[in-house]
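No hydrogens, no waters, no symmetry mates; every other heavy atom, side chains included, goes into these values. So you know, we letter chains A, B, ... as the sequences are listed, proteins then strands, and number each from 1.
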Protein chains: 2
Amino acid sequence: MPQPHPRPGAPGGDAEAGAVFAALADPTRRHLVAALAAGGGATATGLAAELPISRQAVAKHLATLGRAGLVSQRRRGRESLFELDPRPLADAAAWLTTVGAEWDTRLADLQRLLKG
Amino acid sequence: MPQPHPRPGAPGGDAEAGAVFAALADPTRRHLVAALAAGGGATATGLAAELPISRQAVAKHLATLGRAGLVSQRRRGRESLFELDPRPLADAAAWLTTVGAEWDTRLADLQRLLKG
DNA sequence: AGGGTGTGCAACCATTGAGTTGCGCATCCG
DNA sequence: CGGATGCGCAACTCAATGGTTGCACACCCT
């Protein structure tokens, strides 16, 4: 129900979604996420091989993605595998559609107001 | 079809989506987007009134959102109105779901491989 | 006309973040 | 055993960015 003054801020899970947006703000990180989505688990060294940056840079990015809950790490002998966890992506998508829907509702209300 | 070397990057519209993610990475900007979605057009001064930062800071954020295509500006006499444009949100959502779907497909393929 | 109100522009500061290099430790393999 | 390979941690540089203040211009209203 559209009110003139709904709460100023927040659709559900703003913090979670925010972490995801911040994580995906960087093109390198988007590339990593896409690569992990397409290729399954991979190591930092392997991922760095197809990128113009150092392994440590990739490792940092993976750590950032991990902090956002998008990537999980598993040690396998002397190498460590990184794997995508797509669940937070859903939260972010929900935020986007919620805001979009809220806007659409507002427009519809406005038009109804003008017509009526 | 899962190959060892799929294309490195990109579901459709990576650049567009990236701009949106970068724009929404900041909590203040998310708040602004939410406020515009809920309240319709607003001025920088009005938006700054409910925030702990200066009008100019808000203006800068609105400019950033404008560069991402999320906000349009219209001069009305001596005040300038900012309005949400939700279309880029759809692009970003599409990116998220594409990546998620790609991951799901990969998982399904893997399971089929193990079963078959 | 002229004061109040709202914008926009520019300079400046502090913090964050991406990237690098160097080093030490663990693990596999000949 | 001992070299090679891979990882993680720490220190450092450099650019981007969120925030501020100050000022000048445009517009509304009495």
Notebook entry, point to check: So does Arg106(A) pair up with Asp109(A), basic N to acidic O under 4.0 Å?
Noted result: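 Result for this pair is no, no salt bridge flagged.
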Next item on the list: Evaluate side-chain contact (heavy atoms from CB on, under 4.5 Å) for Leu89(B) paired with Leu70(B), printing each intermediate quantity in order.
Entry: CA-CA 8 Å; Leu89(B) 295 180; Leu70(B) 283 168; 3.6 Å; yes
Show me the donor-acceptor pairs, under 3.5 Å and distance only, between side chains in residues 18-25 of chain A and residues at least two apart or in other chains.
none

Note to self: Could you go through Leu36(B) and Leu65(B), starting from their C-alpha distance and side-chain angles, then the distance that decides it, and tell me whether this counts as side-chain contact (heavy atoms from CB on, under 4.5 Å)?
What the structure shows: CA-CA 12 Å; Leu36(B) 286 178; Leu65(B) 290 171; 5.5 Å; no
Next item on the list: Determine whether Trp95(A) and Val33(B) make a side-chain contact, defined as any pair of heavy atoms from C-beta on separated by less than 4.5 Å.
Entry: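 The answer is yes; the side chains approach within 4.5 Å.
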Next item on the list: Summarise protein proximity over nucleotides 9-20 of chain C in one line of letters, 5' to 3': B for base, S for sugar-phosphate only, - for none, counting protein heavy atoms closer than 4.0 Å.
Entry: B--------SBB
Integer-rounded Å distance: [N] [atom2] and [X] [atom1]:
| X | N | atom1 | atom2 | value |
| --- | --- | --- | --- | --- |
| Arg76(A) | dC28(C) | CZ | C1' | 15 Å |
| Arg75(B) | dC28(D) | CZ | C1' | 12 Å |
| Glu79(A) | dA4(D) | CD | C1' | 15 Å |
| Arg78(B) | dC27(D) | CZ | P | 11 Å |

Next item on the list: Drop me the distance from His31(A)'s NE2 to Leu47(A)'s CG, to the nearest 0.5 angstrom.
Entry: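 Here the interatomic distance stands at 7.5 Å.
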